[in-house]
Amino acid sequence: MGANEITEDKLNLFIDKQLDTDEMNEIHQILLDDKNLRERVCQLKAVRELVGYAYSEVPPSRYEKEKEKNSNSVYVKAIAASVTLVVGVLLGWVSHQYVPGSMNTVSAENVFQYVANQVTVNHRQRKIVLHIDSSDVQVVDAALKEVDYLLATYRNANAPLKLDVVTNKTGIDILRSKVSPYVDRIQELATNDNVSFYACSRAIAKASKKDGLEVMMMPGVITHRTVKDLISDRLQHGWVYIKA
Amino acid sequence: MKIVKNVLAAFSLKSEFAARRNKLYRIAYSWCHDSTLADDLAQEAIYKAIKNAAKLRDVNTLDTWLYRILFNCWQDYLRVKGRNVEFVEIHDDAQLEHDESYQQSQIVDRVRASIEKLPMPLREVVTLADFAGFSYAQIAEIIDVPVGTVMSRLFRARTNLKQQLLDFGSDELVEFKLRRVK
């Protein structure tokens with residue numbers, strides 16, 4: 001099945017997990033390579049999350065008003081806090097894009113990805129996998145800004161976040177010791193913010209062969225046989241995928 | 001002994017209904033965008049549920065059963081008022097005093113306005129799926145249509161909403177913001 005053969009109604013079934021396991025896996029695999037399809041999925045997910053978000057806070061019913069009189073409702077406060085967080089993120093993004101020189105690579109995919117990701121924060125641990133497959137300065141800068149942004153958002157919301165940055169192809173270069181210009185930044189993220197960094201073993205082997213020398217990764221970088229398998233596995237376990 | 005058991009079961013069900021009242025109200029609100037009407041619908045649904053509690057065969061299907069009652073109350077209301085009744089949401093202007101609340105209402109307004117433009121059957125399905133979190137099969141049970149119809153309505157609703165919301169964060173949002181500031 002190619003990306004073009006995946007109809008919108010099939011994508012609806014996909015985001016609602018109404019397809020059988022084989023079809024779900026097949027689409028997960030195609031998603032890894034097809035930006036267009038990822039964008040379509042993100043948009044649909046965003047619509048779904050926005051509908052939920054639109055009614056997360058409604059005018060209180062008479063019953064609630066009565067109840068509130070009797071007790072200061074912790075539940076309502078929790079919802080309000082969660083909604084405020086979402087709005088902060090949404091508007092944070094909106095203003096983010098108007099800042100000159102900010103992430104130029106932001107696309108509709110990112111907008112909807114953010115919406116889809118953030119709306120359901122709700123103080124449960126969110127697991128996000130950020131995929132970098134290029135050492136292009138713009139891409140890496142955008143990705144690291146994204147990391148900072150996510151960490152700040154969840155920190156401000158006092159919500160737990162597990163963030164893994166996975167690299168393959170030339171993306172592994174950012175994790176190479178003595179080569180990467182981002183050594184300090186990455187080590188700080190790993191040490192202070194508990195971000196895990198993964199590099200694809202195949203990409204390391206290829207780079208070693210190409211450069212004719214052993215490619216060394218920074219301390220703490222975890223190597224994985226294939227990053228695509230790693231991402232696929234994460235997706236099946238409820239992680240949110242963001243492509244830099 | 002059986003009577004005591006039945007009484008206890010009835011009390012237990014009643015508390016189950018009460019625990020779901022807030023969610024019923026929210027769903028009703030997502031359909032009608034009118035807090036008073038949503039309150040009445042939730043109240044009526046709870047009343048009918050208590051009255052017909054004996055008809056509930058399987059407690060595991062409580063949610064579907066309860067929402068089906070709510071849906072029927074809503075359909076009865078539409079039948080009496082005429083299906084084309086237009087709901088205008090009343091905004092709480094006091095909310096706009098604070099920046100955060102203003103920003104929040106801006107996004108919510110935008111999404112709700114898009115949902116309001118959907119034909120009612122699409123609105124009902126999309127809120128049951130995406131707000132209440134029911135599965136296709138449960139929605140089919142609640143609104144009494146085949147699962148295929150649920151799928152098709154949900155697909156049409158999301159496609160429609162996607163088109164309306166794709167401009168999120170674009171110039172249109174800025175215009176929207178300015179219009180609200182005036």
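Every chain is numbered from 1 and lettered A, B, ... according to where its sequence line falls, protein lines coming before strand lines. Side-chain atoms are counted along with the backbone in the values below, which use heavy atoms only and exclude waters and symmetry mates.
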Identify which part of A/Leu11 has an atom lying under 4.5 Å from any heavy atom of chain B, answering side chain, backbone, both or neither. neither
Walk me through whether A/Asp9 and B/Met151 qualify under side-chain contact (heavy atoms from CB on, under 4.5 Å). CA-CA 8 Å; A/Asp9 53 341; B/Met151 286 182 192; over 6 Å; no
Drop me the distance from A/Leu50's CG to B/Ile115's CD1, to the nearest 0.5 angstrom. 8.5 Å
Any idea which heavy atoms bring B/Val126 and A/Val51 closest together, and the distance? O-CG1, 4.0 Å
Value for CG (A/Leu44) from OG1 (B/Thr159), rounded to nearest 0.5 Å, stands at 7.0 Å
In terms of heavy-atom contacts, B/Arg158 and A/Asn12 come closest through NH1-OD1, 2.6 Å
Over all atoms of both residues, closest heavy-atom pair of B/Arg21 and A/Ser61: NH1-OG, 3.9 Å
If one checks every heavy atom of B/Ser30 against chain A at 4.5 Å, the contacting part turns out to be both
Hey, what do you get for CG (A/Asp16) to CZ (B/Phe134), rounding to the nearest 0.5 Å? 14.0 Å
Heavy-atom distance under 4.5 Å to chain A: side chain of B/Ser114, backbone, both or neither? neither
Non-hydrogen atoms of chain B under 4.5 Å away: do they reach the side chain of A/Glu8, the backbone, both or neither? both
Between A/Tyr55 and B/Tyr29, what is the ring plane arrangement, given parallel below 30°, perpendicular above 60°, and tilted in between? perpendicular
Tightest non-hydrogen contact, residues A/Val58 and B/Tyr25, listed as CG2-CE2, 3.7 Å
Could you look at B/Asp40 and say if it's the side chain, the backbone, both or neither that has a heavy atom under 4.5 Å from chain A? both
